[in-house]
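I have placed the structure first, in the form of structure tokens, so that the comments after it can refer back to it.
Quantities reported herein were computed from a predicted structural model and do not represent experimental measurements. We name chains A, B, ... by the order of the sequence lines, and we start the count at 1 in each one.
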2 protein chains.
Amino acid sequence: MIPSQMLKGILQGSILAIISQKETYGYEISQALARYGFGTISEGTIYPLLLRLEKGGLIVARFLDTGSGPKRKYYTLTPAGQEELTQFQISYREMTAAVDSLPGFGKEESHEERDQTAPEGEQ
Amino acid sequence: MIPSQMLKGILQGSILAIISQKETYGYEISQALARYGFGTISEGTIYPLLLRLEKGGLIVARFLDTGSGPKRKYYTLTPAGQEELTQFQISYREMTAAVDSLPGFGKEESHEERDQTAPEGEQ
DNA sequence: TTGAGTATATTGTAATGCAAGGTAGTGATG
DNA sequence: CATCACTACCTTGCATTACAATATACTCAA
């Protein structure tokens, strides 16, 4: 399970990426996230996030009848949303590059300036 | 610049990884983070985090004189900290696997069940 | 009529990055 | 000697956000 704190800032961009693929709605997004390996993301997380994105002008919505069941609120990216998605991808790569360069993450590169001023026992 | 929300849950594990390499202190950690590509992480972020980790029993500290300048508080991982670091690495890989499988991240695998129930214009 | 599944929304809580502020020691510059 | 820069630590308060809990409402099957 991915801890909630690790999801902060990741979920928003991930949902933008999902919406960018095809017009979709909250319930379907939650299923897509589970399918992509994010685990079960609470609806109490997804709907407020979608409202935030809508208020922020990153996505726009329209209600569509389904013939059966409640109406669905379909979302589409705005140009600002597209831009935000691109920025997210850049930031994400920057973040993973930093973490992956950390010792013990199997992707060490450079950074061999291990200084020898190791502290001696003292009190 | 990595957005602050994206750092949540990442910073703690990253700092544990840095401490696991060698006994070190707050100021040096902030420089190491910058060197690894995290950008300038505020001291208002690092010191509270170190105190949290110490109170949580993940790290232990001892003060050492430096001969010149203020005393340094050197930190070491506890067994619980080691375990937490291992768990962080697992969660991190799980998270990046999910994000990387998202459309538009250059690492698409499987997930070709794109259903054809595309909504037709309606109102 | 009871339940499960689909679908959206709101309220309140907890976690955490960080700006802003403070303390203190050392050494160089004027 | 006064000032500044750098090292090094710490605290307070704010903003953001994932999520549990809760609510509404429609459809369909048992």
Side-chain angles (χ1 to χ4, degrees), chain A residues 1-16 24-34 38-56 58-59 61-75 88 91 95 98 117 119, chain B residues 1-16 24-34 38-56 58-59 61-75 84 88 91 95 98 115 117 119:
Chain A
M1 224 217 70
I2 305 173
S4 70
Q5 289 304 321
M6 201 179 279
L7 285 175
K8 286 183 197 284
I10 298 293
L11 255 192
Q12 170 170 327
S14 300
I15 287 180
L16 287 177
T24 184
Y25 53 99
Y27 194 81
E28 194 178 44
I29 289 172
S30 75
Q31 295 174 320
L33 286 172
F38 286 86
T40 301
I41 306 295
S42 165
E43 300 185 352
T45 297
I46 292 175
Y47 290 113
L49 210 172
L50 287 172
L51 290 178
R52 271 206 308 277
L53 293 174
E54 194 181 2
K55 279 178 194 149
L58 302 182
I59 57 179
R62 58 171 180 157
F63 278 98
L64 292 184
D65 274 325
T66 57
S68 91
K71 284 194 172 189
R72 293 170 180 166
K73 199 171 174 183
Y74 279 91
Y75 292 101
F88 166 71
S91 299
M95 187 272 288
T117 51
Chain B
M1 223 216 71
I2 305 173
S4 70
Q5 289 303 322
M6 201 180 279
L7 284 175
K8 287 184 197 284
I10 298 292
L11 253 193
Q12 169 170 327
S14 300
I15 287 181
L16 287 177
T24 185
Y25 53 99
Y27 194 80
E28 194 178 45
I29 290 172
S30 75
Q31 295 173 318
L33 285 171
F38 286 85
T40 302
I41 306 295
S42 164
E43 300 185 353
T45 296
I46 292 176
Y47 288 114
L49 211 173
L50 288 172
L51 289 178
R52 272 206 307 278
L53 292 174
E54 193 180 2
K55 278 177 194 150
L58 302 181
I59 57 178
R62 59 170 180 158
F63 278 97
L64 293 184
D65 274 326
T66 57
S68 92
K71 283 196 173 190
R72 294 169 180 167
K73 198 171 174 182
Y74 278 91
Y75 292 101
E84 178 72 17
F88 167 71
S91 299
M95 187 272 286
D115 61 334
T117 52

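- Residue-level contact check: A:I41 touches the backbone only, with heavy atoms under 4.0 Å from sugar-phosphate atoms and none from bases.
- Using a 4.0 Å heavy-atom criterion, one finds that B:K8 contacts the bases of the nucleic acid, with or without backbone contacts as well.
- Looking at heavy atoms from C-beta onward, A:I29 lies out of side-chain contact with A:I41 at the 4.5 angstrom threshold.
- A:I15 is listed as a side-chain neighbour of A:L33, based on a closest heavy-atom distance under 4.5 Å.
- Looking at heavy atoms from C-beta onward, B:R62 lies out of side-chain contact with B:Y75 at the 4.5 angstrom threshold.
- A nucleotide of DNA chain C counts as in contact with chain B when one of its atoms lies under 4.0 Å from a heavy atom; the first and last such, 5' to 3', are C:dT16 to C:dT26.
- The main-chain N or O of A:Y27 is found under 3.5 Å from a side-chain atom of A:S30 such that the two form a donor-acceptor pair.
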### Message
Show, in sequence, the C-alpha distance, side-chain angles and deciding distance for A:I59 and A:L16, and conclude whether the side-chain contact (heavy atoms from CB on, under 4.5 Å) test is met.
### Response
CA-CA 8 Å; A:I59 57 179; A:L16 287 177; 4.0 Å; yes
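- Once you apply a 4.0 Å limit to the heavy atoms of chain A, the touched nucleotides of DNA chain D run 5' to 3' over D:dT17 to D:dC28.
- Although no hydrogens or angles enter the test, the distance criterion places a donor-acceptor pair under 3.5 Å between the side chain of A:S14 and the main chain of A:I10.
- Annotation: salt bridge (Lys or Arg N to Asp or Glu O under 4.0 Å) contacts of A:K73 (sequence neighbours excluded): A:E54.
- Residue B:Q12 comes nearest to B:L58 through the heavy atom pair NE2-CD1, 4.0 Å, listed as atom of the first residue, atom of the second, then distance.
- For the pair A:P70 and A:L7, both in contact range of DNA chain D, the more 5′-proximal nearest nucleotide belongs to A:L7.
- Across all strands shown, B:G44 has heavy atoms under 4.0 Å from base atoms, whether or not it also approaches the sugar-phosphate.
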